[in-house]
Novice: 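Okay, here's the structure, questions in a sec.
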Amino acid sequence: MKTVPHPATLRRAPVQRRSAERLTRILDACADLLDEVGYDDLSTRAVAQRAGVPIGSVYRFFGNKRQMADALAQRNLERYTARVTERLEAAGEAAGAGGWRVAMDAVLDEYIAMKRTAPGFSLVDFGNQIPVGTRGEPNHRVADRLTDLLSGYLDREPDEDLRRAFLVAVETADTLVHLAFRMAPEGDDRILDEARLLLRAYLARVLD
């Protein structure tokens, strides 16, 4: 999947296919190096070398590594949204009583899967883990995206009550999933199970 970040996160948006492919290589290299050396030791020069592009190509898109990490966080959100959408389409279940449980499992499972498998995700995720500028609260953006995505599936208006409920759920899931991954490299399954039970209890109260 070659999702590129929103142009607002870039100094210059790619126009040609070759430029978009170069941006993808830069972000892929950034993600790999984050896993290898961490954010503090990440450098734009190392990213350029790993991506096989001139350093000027990196600066064409990003002024510094914080902007690059910001773009990676945005790409993570785009890919996460696509994964949740594909999961719900594959489930093929209509909205209605209990439909939110299918949606909740998709949202939580895909987040955990990306924590386990997506390069650089453990350090960047959607922007919570490192200082990535002044984009606002990442969890608010995630909650808003999920509200817009799931409101139709749940046959609910994307009103303030639903947005508040999803924000509480996202904040809760974020805290407990990060706890699970601090306890074990692949995520402590017992804590993840507790997180699922807690989210089900809360969402049952506000969505049933």
Novice: Which pair of non-hydrogen atoms, one from Leu167 and one from Asn139, has the smallest distance, and what is that distance?
Specialist: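 Looking at all heavy atoms of both residues, the closest pair is CD1-O, 3.8 Å.
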
Novice: Would you kindly confirm whether Phe62 and Val53 end up in one hydrophobic cluster when ILVMFWY residues are joined by side chain heavy atoms under 4.5 Å apart?
Specialist: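 Yes, same cluster.
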
Novice: Would you kindly confirm whether Ile26 and Tyr39 end up in one hydrophobic cluster when ILVMFWY residues are joined by side chain heavy atoms under 4.5 Å apart?
Specialist: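 Linked within one cluster.
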
Novice: What distance do Ser122 atom OG and Met114 atom CE have between them, rounded to the nearest 0.5 Å?
Specialist: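 Separation between the atoms: 11.5 Å.
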
Novice: Let me see the working for Tyr80 and Val107 under side chain to side chain contact (heavy atoms under 4.5 Å, CB included), right down to the final yes or no.
Specialist: CA-CA 9 Å; Tyr80 172 68; Val107 166; 2.9 Å; yes

Novice: Between Asp144 and His140, is the side-chain hydrogen bond (donor to acceptor under 3.5 Å, both in side chains) condition met? List the steps.
Specialist: CA-CA 6 Å; Asp144 283 343; His140 281 77; over 6 Å; no

Novice: Which value, rounded to the nearest 0.5 Å, describes the distance between Asp125 atom CG and Asp174 atom CG?
Specialist: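 Asp125 atom CG to Asp174 atom CG measures 6.5 Å (nearest 0.5 Å).
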
Novice: Walk me through it: do Arg79 and Glu110 pass the test side chain to side chain contact (heavy atoms under 4.5 Å, CB included)?
Specialist: CA-CA 10 Å; Arg79 290 184 169 182; Glu110 294 305 322; over 6 Å; no

Novice: On a heavy-atom basis, which atom in Pro119 and which in Asp32 lie closest, and how many Å separate them?
Specialist: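 The answer is CB-OD1, 3.5 Å.
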
Novice: With a 4.0 Å cut-off on N to O distance, would you call Asp70 and Arg75 a salt bridge?
Specialist: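 No, no charged N to carboxylate O under 4.0 Å.
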
Novice: Look at the side chain of Tyr202 and the backbone N and O of Leu197, then say whether any donor-acceptor pair between them is shorter than 3.5 Å.
Specialist: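 Judged by distance alone, no pair lies under 3.5 Å.
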
Novice: When rounded to the nearest 0.5 angstrom, what is the spacing between OG1 in Thr175 and CG in Leu198?
Specialist: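 Thr175 OG1 to Leu198 CG: 10.5 Å, rounded to 0.5 Å.
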
Novice: Go through it in stages, so that I can follow the logic: the residues are Lys115 and Glu186, the test is side chain to side chain contact (heavy atoms under 4.5 Å, CB included), and I'd like the CA-CA distance, side-chain angles, deciding distance and then a yes or no.
Specialist: CA-CA 8 Å; Lys115 288 282 288 186; Glu186 292 298 310; over 6 Å; no

Novice: Between Arg83 and Asp109, is there a side-chain N and carboxylate O pair less than 4.0 Å apart?
Specialist: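 Looking at Asp109 together with Arg83, the answer is no, because their closest N to O distance does not fall below 4.0 Å.
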
Novice: Are Val177 and Phe181 packed together at the side-chain level, in the sense that at least one heavy-atom pair is separated by less than 4.5 angstrom?
Specialist: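 Yes. Closest side-chain heavy atoms under 4.5 Å.
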
Novice: Closest heavy-atom contact between Gly38 and Leu123?
Specialist: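 Nearest pair, atom of Gly38 first, then Leu123: CA-CD1, 3.8 Å.
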
Novice: Would Ile191 and Leu199 show up in the same hydrophobic cluster when neighbours are defined by side-chain heavy atoms closer than 4.5 Å?
Specialist: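 Not linked; separate clusters.
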
Novice: Let's go through Asn64 and Thr44 carefully: what are the C-alpha distance in whole Å and the side-chain angles of both, what is the deciding distance for side chain to side chain contact (heavy atoms under 4.5 Å, CB included) to 0.1 Å, and is it a yes or a no?
Specialist: CA-CA 7 Å; Asn64 51 53; Thr44 52; 5.6 Å; no

Novice: Asp161 versus Val206: any side-chain heavy-atom pair under 4.5 Å?
Specialist: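 A side-chain contact is absent here, since even the closest heavy-atom pair is not under 4.5 Å.
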
Novice: Report the C-alpha distance between Glu160 and Arg164 in whole Å, list the side-chain angles of each, state the deciding distance to 0.1 Å, and finish with yes or no for salt bridge (Lys or Arg N to Asp or Glu O under 4.0 Å).
Specialist: CA-CA 6 Å; Glu160 289 305 310; Arg164 186 185 311 107; 5.8 Å; no

Novice: Rounded to the nearest 0.5 Å, how far apart are CG of Leu42 and SG of Cys30?
Specialist: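 SG of Cys30 is found 5.0 Å from CG of Leu42.
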
Novice: Going by heavy atoms in the side chains, are Arg145 and Arg141 under 4.5 Å from each other?
Specialist: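 Not in contact.
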
Novice: Over all heavy atoms of both residues, which pair between Gly127 and Ala73 is shortest? Give the atoms and the distance, please.
Specialist: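 Smallest heavy-atom distance, with atoms named: N-CB, 3.6 Å.
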
Novice: So does Arg163 pair up with Asp148, basic N to acidic O under 4.0 Å?
Specialist: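 Here Arg163 pairs with Asp148 in a salt bridge, since their nearest N and O are under 4.0 Å apart.
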
Novice: Taking all non-hydrogen atoms of both residues into account, name the closest pair between Leu108 and Ala173 and its distance.
Specialist: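 Here Leu108 and Ala173 meet closest at CD1-CB, 4.4 Å.
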
Novice: Side chains of Arg156 and Leu207: closer than 4.5 Å at any heavy-atom pair?
Specialist: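 A side-chain contact exists here, since the closest heavy-atom pair is under 4.5 Å.
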
Novice: Answer yes if Leu146 and Leu176 sit in the same cluster of Ile, Leu, Val, Met, Phe, Trp and Tyr residues linked by side chain heavy atoms under 4.5 Å apart, and no otherwise.
Specialist: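 Looking at the clustering, Leu176 is in a separate group from Leu146.
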
Novice: Quick one, Leu34 and Leu72 - any side-chain contact, counting heavy atoms below 4.5 Å?
Specialist: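 Side-chain contact under 4.5 Å: yes.
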
Novice: Check whether any side-chain heavy atom of Arg50 lies under 4.5 Å from a side-chain heavy atom of Glu36, and answer yes or no.
Specialist: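 Side chain of Arg50 against side chain of Glu36, heavy atoms only: contact under 4.5 Å found.
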
Novice: May I ask you to decide whether Glu21 forms a salt bridge with Arg17, counting only side-chain N to carboxylate O separations under 4.0 Å?
Specialist: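 Salt bridge between Glu21 and Arg17, a charged N being under 4.0 Å from a carboxylate O: yes.
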
Novice: Counting N and O atoms only, with roles assigned by atom type, does the side chain of Lys65 sit under 3.5 Å from a partner on the main chain of Asp40, one being a donor and the other an acceptor?
Specialist: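 Side chain of Lys65 to backbone of Asp40, a donor-acceptor pair under 3.5 Å: yes, one is there.
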
Novice: How far apart are the C-alpha atoms of Arg200 and Asp105, what are their side-chain angles, what is the distance that settles it, and do they pass the salt bridge (Lys or Arg N to Asp or Glu O under 4.0 Å) test?
Specialist: CA-CA 9 Å; Arg200 281 181 176 270; Asp105 284 341; 3.0 Å; yes

Novice: Specify the closest pair of heavy atoms between Ala106 and Arg87, including all atoms of both residues, with the distance to one decimal.
Specialist: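 Shortest heavy-atom separation between Ala106 and Arg87 comes out as CB-CG, 3.3 Å.
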
Novice: Is it true that, when you exclude Arg116 itself, more than 12 heavy atoms of the residues, nucleotides or ligands shown sit nearer than 6.0 Å to its CZ?
Specialist: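 Yes, CZ of Arg116 has more than 12 neighbouring heavy atoms, counting only those of other groups under 6.0 Å.
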
Novice: Side-chain heavy atoms under 4.5 angstrom apart, residues restricted to Ile, Leu, Val, Met, Phe, Trp, Tyr: same cluster for Phe166 and Val102?
Specialist: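 Yes, because Phe166 and Val102 connect within a single hydrophobic cluster, where side-chain heavy atoms sit under 4.5 Å apart.
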
Novice: Aromatic rings Tyr111 and Phe121: how do their planes relate, parallel, tilted or perpendicular, breaks at 30° and 60°?
Specialist: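 Perpendicular: the ring planes of Tyr111 and Phe121 meet at over 60°.
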
Novice: CG of Asp189 to CZ of Arg196: how many Å apart, nearest 0.5 Å?
Specialist: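 Asp189 atom CG to Arg196 atom CZ measures 10.0 Å (nearest 0.5 Å).
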
Novice: Are Arg190 and Met183 side-chain neighbours, meaning at least one heavy-atom pair lies under 4.5 Å?
Specialist: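 No. Closest side-chain heavy atoms not under 4.5 Å.
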
